[in-house]
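Any value given below was found using the heavy atoms of this structure, including those in side chains, with hydrogens, waters and symmetry copies removed.
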Amino acid sequence: MKHAKFIIRIDDICLNMDLKKLDFFINKLSEMNIKGILGVIPENKYSKLIHQSNHENEFWDQIRSYSEDDWIIAQHGTYHEIRAANDKGLFGINKRGEYCGFSYRDQLSLIKIGKTILE
């Protein structure tokens, strides 16, 4: 009998989020020996995701500890600035996103900025 396999990805992890809630959720999954992917916004500028004051050192220390505990850290955008575009992007899902409508060069530049922040 084959067992189902799932990938768990938690997106919108960012500097001004409630780390206690994130830590609670991750600890519950870890207790069940479940690890997943954390989609981290390198420099969040989306106001709806800002829930508390800046706690930069604590945030990045926590992200490092998750990585050391075998969670995969993924880059989730650069600034999480969602904007309208004239095309539906690679997957044709909708006409908005952080990179939609930008040239390859501009998209690559934004991705490199985010990568540098995460590193």
Side-chain angles (χ1 to χ4, degrees):
M1 176 179 198
K2 287 189 174 186
H3 296 283
K5 293 187 179 188
F6 299 91
I7 295 175
I8 294 178
R9 179 177 168 128
I10 306 167
D11 278 342
D12 295 345
I13 308 297
C14 60
L15 180 61
N16 298 100
M17 71 180 302
D18 186 337
L19 282 179
K20 290 178 184 166
K21 288 180 182 177
L22 175 65
D23 202 42
F24 176 82
F25 185 66
I26 287 178
N27 285 335
K28 289 297 178 190
L29 289 172
S30 293
E31 286 172 9
M32 295 181 281
N33 205 27
I34 297 171
K35 307 292 173 140
I37 302 169
L38 302 177
V40 177
I41 303 167
E43 188 179 327
N44 178 49
K45 293 185 178 180
Y46 185 53
S47 63
K48 290 184 179 181
L49 293 177
I50 298 174
H51 298 288
Q52 61 187 43
S53 62
N54 189 323
H55 47 264
E56 188 167 359
N57 291 335
E58 180 185 356
F59 175 76
W60 293 113
D61 288 346
Q62 195 64 40
I63 296 301
R64 274 188 217 83
S65 76
Y66 296 145
S67 176
E68 291 165 0
D69 195 30
D70 296 328
W71 283 81
I72 296 169
I73 309 302
Q75 181 174 333
H76 183 57
T78 302
Y79 304 115
H80 212 280
E81 292 180 312
I82 309 302
R83 63 184 193 83
N86 289 329
D87 64 65
K88 291 186 176 184
L90 183 64
F91 296 109
I93 297 170
N94 59 48
K95 290 186 176 185
R96 57 189 178 86
E98 186 166 358
Y99 304 127
C100 287
F102 281 117
S103 68
Y104 171 81
R105 184 182 310 225
D106 290 340
Q107 289 180 47
L108 183 59
S109 176
L110 283 168
I111 292 168
K112 285 181 177 180
I113 290 167
K115 180 181 177 195
T116 298
I117 294 167
L118 286 180
E119 289 176 334

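- Here the straight-line distance linking atom CD of Glu98 with atom NZ of Lys45 works out to 9.5 Å at 0.5 Å rounding.
- At least one donor-acceptor pair under 3.5 Å links the side chain of Thr116 to the backbone N or O of Lys112.
- Heavy atoms only, all atoms of each residue included: Ile26 and Ile10 are closest at CG1-CD1, 4.4 Å.
- A pairwise comparison of heavy atoms in Ser30 and Asp69 identifies OG-OD2, 3.9 Å as the closest pair.
- Under the 4.5 Å side-chain heavy-atom criterion for ILVMFWY residues, a single connected hydrophobic cluster contains both Trp71 and Met32.
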Exercise for review: Determine, stepwise, if the pair Ile113 / Ile117 fulfils side-chain contact (heavy atoms from CB on, under 4.5 Å).
Suggested key: CA-CA 6 Å; Ile113 290 167; Ile117 294 167; 4.1 Å; yes
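- Of all heavy-atom pairs spanning Pro42 and Gly77, the tightest one is CD-O, 3.2 Å.
- Ala74 and Ile37 make their closest contact through CB-CG2, 3.6 Å (heavy atoms, listed as atom of the first residue, atom of the second, distance).
- Separating the CG atom in Leu118 from the CH2 atom in Trp60 is a distance of 5.0 Å, to the nearest 0.5 Å.
- Checked against side-chain hydrogen bond (donor to acceptor under 3.5 Å, both in side chains), Tyr66 has the following partners two or more places apart in sequence or in another chain: Asp23, Gln62.
- Transitive grouping of hydrophobic side chains (ILVMFWY, heavy atoms separated by less than 4.5 Å) keeps Leu29 and Ile72 in distinct clusters.
- Between Phe59 and Asn16, every side-chain heavy-atom pair lies at or beyond the 4.5 Å cut-off.
- In plain terms, the two heavy atoms of Tyr99 and Gln75 that are nearest each other are OH-NE2, 4.1 Å.
- Note that CG of Asn33 is 11.0 Å distant from CD of Glu31, once rounded to the nearest 0.5 Å.
- Across Ile41 and Thr78, no two heavy atoms sit closer than the pair CG2-O, 3.8 Å.
- In this structure, CG on Leu110 lies 15.0 Å from NZ on Lys115, to the nearest 0.5 angstrom.
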